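Keep in mind the model is a prediction, meaning the values are calculated, not measured. The residues of the chain are indexed from 1 along the displayed sequence.
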Amino acid sequence: MHEASIALSLLDIVTQKCREEGYNRVNSIRVRIGRASGVLPEALSFAFDALKIDTIAKDAELLIESVSLGGVCSDCGRSFEVDDPIVLNCPECLSPSFRIERGFEMEMLEMDVS
């Protein structure tokens, strides 16, 4: 379950940043996770809740923004977006030639602190 190590990294980052800036409480953390990143949002939330207990983020909410998989077909030129984490062909023309442009994201967007 690599979601636990991701949650631990998030907590380490926000704890360090809060200490540097003089804050002592994290209210929320907002992250963006792509559907093809290999990260399960439910597992990440569960790990975050389990690991935050003895930290300055003990009352924090983890807000997860999901990013669909999307790309551009090399044959028909159309942009597409799908909810599945795997794409085998263009959903428009069924060509197997396409370029994935989004859906692998895993980034922390912001944190609300006090």
Heavy-atom pair of closest approach, residues Leu62 and Ser45: CD2-CA, 4.2 Å
Pairing residues for Ser95 by the side-chain hydrogen bond (donor to acceptor under 3.5 Å, both in side chains) criterion, not counting sequence neighbours: Asp75
Other ILVMFWY residues reachable from Val72 by side-chain steps of under 4.5 Å: none
For Asp59, give me all partners under salt bridge (Lys or Arg N to Asp or Glu O under 4.0 Å), at least two apart in sequence or on another chain. Arg25
Which heavy atom in Cys18 sits nearest to a heavy atom in Val113, and how many Å separate them? SG-CG1, 3.5 Å
Should Val67 and Val39 be counted in the same cluster of Ile, Leu, Val, Met, Phe, Trp and Tyr side chains packed under 4.5 Å apart? no
Is the backbone N or O of Leu40 less than 3.5 Å from a side-chain atom of Glu3, with the two atoms forming a donor-acceptor pair by type? yes
Which pairs count as ring pair (Phe, Tyr, Trp, His ring centres under 6.0 Å) when at least one residue sits in residues 65-92, sequence neighbours excluded? Phe80-Phe98
Members besides Leu88 in its Ile/Leu/Val/Met/Phe/Trp/Tyr cluster (side-chain heavy atoms under 4.5 Å): Ile86
Residues 38-50 vs salt bridge (charged side-chain N to carboxylate O under 4.0 Å, His left out), sequence neighbours excluded, gives Asp49-Lys52
For residues Asn27 and Ser114, report the shortest heavy-atom separation together with the two atoms involved. ND2-OG, 3.5 Å
Side chain to side chain contact (heavy atoms under 4.5 Å, CB included) with Gln16: which residues, sequence neighbours excluded? Glu20
Show the numbers, then the answer: is there a side chain to side chain contact (heavy atoms under 4.5 Å, CB included) between Leu69 and Phe104? CA-CA 8 Å; Leu69 188 65; Phe104 294 102; 4.3 Å; yes
When rounded to the nearest 0.5 angstrom, what is the spacing between CG in Leu51 and CG in Asp12? 9.5 Å
What about Ile56 and Met111, same hydrophobic cluster or not, with Ile/Leu/Val/Met/Phe/Trp/Tyr joined at side-chain heavy-atom distances under 4.5 Å? yes
Atom CD1 in Ile29, atom CD1 in Ile64: separation rounded to 0.5 Å? 10.5 Å
Let me confirm one number: the CG-OG1 distance from Leu10 to Thr15, rounded to the nearest 0.5 Å. 10.5 Å
Measure the OG-CZ distance between Ser79 and Arg99 for me, rounded to the nearest 0.5 Å. 8.5 Å
Taking only residues two or more places apart in sequence, or in another chain, which ones meet Ser68 in a side-chain hydrogen bond (donor to acceptor under 3.5 Å, both in side chains)? Asp83
Are Pro41 and Ser66 side-chain neighbours, meaning at least one heavy-atom pair lies under 4.5 Å? no
For Arg78, the salt bridge (Lys or Arg N to Asp or Glu O under 4.0 Å) test, sequence neighbours excluded, returns Glu92
Closest approach of Leu94 and Asn89, non-hydrogen atoms and distance? O-CB, 3.4 Å
Reported OG-to-CD distance for the pair Ser37 and Glu107, which is rounded to 0.5 angstrom: 11.0 Å
Provide the full list of ring pair (Phe, Tyr, Trp, His ring centres under 6.0 Å) pairs with a residue in residues 50-79, sequence neighbours left out, each pair given once. none
Specify the closest pair of heavy atoms between Ala60 and Phe48, including all atoms of both residues, with the distance to one decimal. O-CE2, 3.8 Å
My understanding is that only residues two or more places apart in sequence, or in another chain, count here; which of them pass salt bridge (Lys or Arg N to Asp or Glu O under 4.0 Å) with Glu65? Arg30, Arg32
Do you reckon Leu8 sits in the same ILVMFWY cluster as Ile33, going by side-chain contacts under 4.5 Å, direct or chained? yes
With side chain to side chain contact (heavy atoms under 4.5 Å, CB included) as the test, would you mind laying out the steps for Val14 and Met108 before giving the verdict? CA-CA 10 Å; Val14 298; Met108 186 169 77; 3.8 Å; yes
Find out if a path of hydrophobic residues (ILVMFWY) with successive side-chain heavy-atom gaps under 4.5 Å connects Leu63 to Ile13. no
Pairs flagged by ring pair (Phe, Tyr, Trp, His ring centres under 6.0 Å) wherever residues 11-39 is involved - sequence neighbours left out: none
